Peer 1: 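Okay, here's the structure, questions in a sec.
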Amino acid sequence: MRENPWRLMLAVNFAVVAGVFLYKITREPYVPYIHLLVDYHFGFTKRALIGAVMALFFAKIPVWLVFALGGAVWLVTLALFVKLFRRTFGFDDAHAPLLVFMAGSPFFLKNFMHTLGHFDIYGCAVAIGLLLAPAYSLAFVALATAASMILILIHHIHLLMYVPTIAVIVVLRYYLAQGFSRQNTIVGIAAVACVGLLFFAAQFLGSLAVPPDQFSRYLQSRMADPTRTDLLSFSYIWYQPLAREIADTWARMPSNLLGIPVFALLIWLHAPLWKYFGDSIRALAIEFHRRVVIAAIVAVSAAYLIMFAIVFDYSRWISNWAVCMFLILHAVKTLPASQSVPPIAPDDRKATFLGWIVTLVPRVGIVRPF
């Protein structure tokens, strides 16, 4: 441990995750719980897919199901990431710093534990799954399209949060490897159209038409403890139009912008990882591939900027943006390179110092930092 502190950092990260979990289960899961209650009882409804699936197995929804389901998805995501990292880099000592800056990042698994029950992690799990899936035929494009549509049915904000990264994975793993033909280009355009149409349907046709009190009574009928009406305090979000969401976000903007220096500091703490990312892009053998990767990073970042202007959960958006960058790095490593990129040096004192800070930061948060 003294000679290689990175292993100790990984052990500390597991302890931090356990602490975040114990903290989380003592809190009431207001938003995640109500998402398990809403289904398609009143017709096509946004944010209702998970609730509809739960209705197939549970007549009444207990509160503990939020933690059970969220914990199961978190464990699946962890297992997928472990498999992905092993395939991309391997678990040798040379790549231990990379593992700490990714898996131990407060942006990633630790923050997903803090946001246990929220829908962000579903997009991450799907993106990792697509990084692991074979990408040799148009079936890969069809799989990515179907997965993106499922994510939008879970929550339509995935169009900005993880669908752009999924599109990047498809382009880097399939189109750059197989080339662009008339057939796969048409399929790609059709896929984008299908995902876009579903998003507009969810955004503009998925709001409820029944009176709020009728909606609340139905939700109570699905609760294991219908006396806990306080858990229904966020039912208004199924009636809130996009214009109201934007107005609320801009009303909170002055106070939320105060967190930007903290977000910038957290991003800077990952400087060795970003340097490795940049070196990996520069090492790509084909200039066109480098341009596509840079354009992809800009496009994904632009989607998050749009999200910043619409919904005010800034800590979550920053965290998921960083996770998307981690996943794009894995996609970049599948492209042909002209030279090998040296990993983060395990004996680099600055990297070790930053690694310890990243390890000890337990999470980023949901709206404001920490």
Side-chain angles (χ1 to χ4, degrees), residues 1-20 23 77-78 81-82 84-86 88-115 124 128 258-283 293-294 297 300-301 304 314-333 340-366 368-370:
M1 291 292 184
R2 240 180 249 148
E3 294 176 359
N4 189 351
W6 299 99
R7 293 182 182 179
L8 180 58
M9 291 182 205
L10 291 172
V12 171
N13 271 298
F14 277 109
V16 172
V17 167
V20 174
Y23 171 83
T77 304
L78 171 63
F81 179 76
V82 167
L84 175 65
F85 192 92
R86 176 184 293 159
T88 306
F89 301 108
F91 287 128
D92 53 8
D93 288 342
H95 290 97
L98 268 177
L99 182 59
V100 168
F101 279 107
M102 285 190 192
S105 171
F107 291 130
F108 190 18
L109 294 167
K110 289 186 287 192
N111 210 60
F112 280 145
M113 182 59 74
H114 177 65
T115 60
C124 176
I128 296 175
L258 297 176
I260 288 182
V262 180
F263 295 139
L265 175 61
L266 289 170
I267 292 172
W268 176 80
L269 291 175
H270 295 71
L273 174 59
W274 305 134
K275 181 180 182 303
Y276 179 82
F277 196 175
D279 291 343
S280 297
I281 296 173
R282 285 187 287 272
V293 170
I294 292 171
I297 293 172
V300 170
S301 301
Y304 274 91
Y314 285 180
S315 292
R316 284 169 62 199
W317 308 155
I318 283 287
S319 298
N320 283 286
W321 171 84
V323 172
C324 288
M325 296 299 108
F326 298 167
L327 301 183
I328 291 174
L329 170 58
H330 282 271
V332 168
K333 299 303 288 186
S340 62
V341 179
I344 301 170
D347 58 350
D348 186 307
R349 297 182 67 178
K350 178 182 176 182
T352 303
F353 176 72
L354 294 178
W356 273 116
I357 298 177
V358 165
T359 294
L360 295 173
V361 177
R363 56 181 173 79
V364 178
I366 295 177
R368 293 183 178 86
F370 314 117

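Because only heavy atoms are used, hydrogens play no part in the values below, and waters and symmetry mates are left out as well, while side chains stay in. Everything numeric here is computed off the predicted structure, so don't read it as measured data.
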Peer 1: Could you tell me which residues satisfy side-chain hydrogen bond (donor to acceptor under 3.5 Å, both in side chains) with T359, sequence neighbours excluded, listed by chain and number?
Peer 2: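 side-chain hydrogen bond (donor to acceptor under 3.5 Å, both in side chains) check on T359 returns N13.
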
Peer 1: Kindly write out the residues that satisfy side-chain hydrogen bond (donor to acceptor under 3.5 Å, both in side chains) with S315, not counting sequence neighbours, or none if the list is empty.
Peer 2: none

Peer 1: Ring-plane angle category for F101 and W6, please: parallel below 30°, perpendicular beyond 60°, tilted otherwise.
Peer 2: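 Correct class here is tilted.
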
Peer 1: Once rounded to the nearest 0.5 Å, what's the spacing between atom CG of L99 and atom CZ of F91?
Peer 2: 6.0 Å

Peer 1: Would you say that L78 contacts F112 through its side chain, given a criterion of any heavy-atom pair below 4.5 Å between the two side chains?
Peer 2: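 A side-chain contact under 4.5 Å is absent here.
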
Peer 1: What are the two closest non-hydrogen atoms of P97 and P346, and how far apart are they?
Peer 2: CG-CA, 3.9 Å

Peer 1: Quick one, W356 and L8 - any side-chain contact, counting heavy atoms below 4.5 Å?
Peer 2: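 Side chain of W356 against side chain of L8, heavy atoms only: contact under 4.5 Å found.
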
Peer 1: What is the distance from atom OG1 of T352 to atom CD1 of I344, rounded to the nearest 0.5 Å?
Peer 2: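 Those atoms lie 10.0 Å apart.
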
Peer 1: Rounded to the nearest 0.5 Å, what's the gap from CG on L329 to CG on L98? Could you check?
Peer 2: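 It comes to 7.0 Å.
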
Peer 1: Within the structure provided, determine whether P272 and D348 are in side-chain contact (heavy-atom separation under 4.5 Å).
Peer 2: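 Not touching, per the 4.5 Å side-chain cut-off.
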
Peer 1: Check whether any side-chain heavy atom of V16 sits under 4.5 Å from a side-chain heavy atom of R363, and report yes or no.
Peer 2: no

Peer 1: Report the distance from atom OG1 of T77 to atom CG of L84, rounding to the nearest 0.5 Å.
Peer 2: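 Spacing of OG1 (T77) from CG (L84) equals 12.0 Å.
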
Peer 1: Identify, with sequence neighbours excluded, every residue that meets ring pair (Phe, Tyr, Trp, His ring centres under 6.0 Å) alongside H95.
Peer 2: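 So H95 forms a ring pair (Phe, Tyr, Trp, His ring centres under 6.0 Å) with F89.
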
Peer 1: Could you grab the distance from atom CZ of R368 to atom CG of L258, nearest 0.5 Å is fine?
Peer 2: 8.5 Å

Peer 1: If a pair satisfies side-chain hydrogen bond (donor to acceptor under 3.5 Å, both in side chains) and one of its residues is in residues 261-283, list it, with sequence neighbours excluded.
Peer 2: S105-H270, K275-D279, Y276-K333, D279-R282

Peer 1: What heavy-atom pair brings C124 and L327 nearest, and what distance separates the two atoms?
Peer 2: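 The pair with the smallest heavy-atom distance is O-CD1, 4.3 Å.
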
Peer 1: Locate the shortest heavy-atom distance separating V341 from A283; write the atom from each residue and the value.
Peer 2: CG2-CB, 3.6 Å

Peer 1: Enumerate the residue pairs fulfilling salt bridge (Lys or Arg N to Asp or Glu O under 4.0 Å) with a member in residues 92-113, sequence neighbours excluded, ordered by first and then second residue.
Peer 2: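 Found R7-D93.
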
Peer 1: Could you tell me whether the side chain of I318 reaches within less than 4.5 Å of the side chain of Y304, counting heavy atoms only?
Peer 2: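 No - every pair of side-chain heavy atoms lies 4.5 Å or more apart.
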
Peer 1: Identify the heavy atoms of V364 and P106 that sit nearest to each other, and give their distance.
Peer 2: CG2-O, 3.5 Å

Peer 1: Would the F326 and F81 ring centres measure less than 6.0 Å apart?
Peer 2: no

Peer 1: Could you list the residues that satisfy side-chain hydrogen bond (donor to acceptor under 3.5 Å, both in side chains) with N320, not counting sequence neighbours?
Peer 2: D120, Y162

Peer 1: Please name the pair of heavy atoms, one in S319 and one in N111, separated by the smallest distance, quoted to 0.1 Å.
Peer 2: OG-ND2, 3.3 Å

Peer 1: Is the shortest side-chain heavy-atom distance between L266 and L269 below 4.5 Å?
Peer 2: yes

Peer 1: Could you check if a side-chain atom of P362 sits within less than 4.5 angstrom of a side-chain atom of Y23, using non-hydrogen atoms only?
Peer 2: no

Peer 1: Would you compute the distance between atom CG of L10 and atom CG of N4 and round it to the nearest 0.5 angstrom?
Peer 2: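 Reported to 0.5 Å precision, the distance equals 9.0 Å.
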
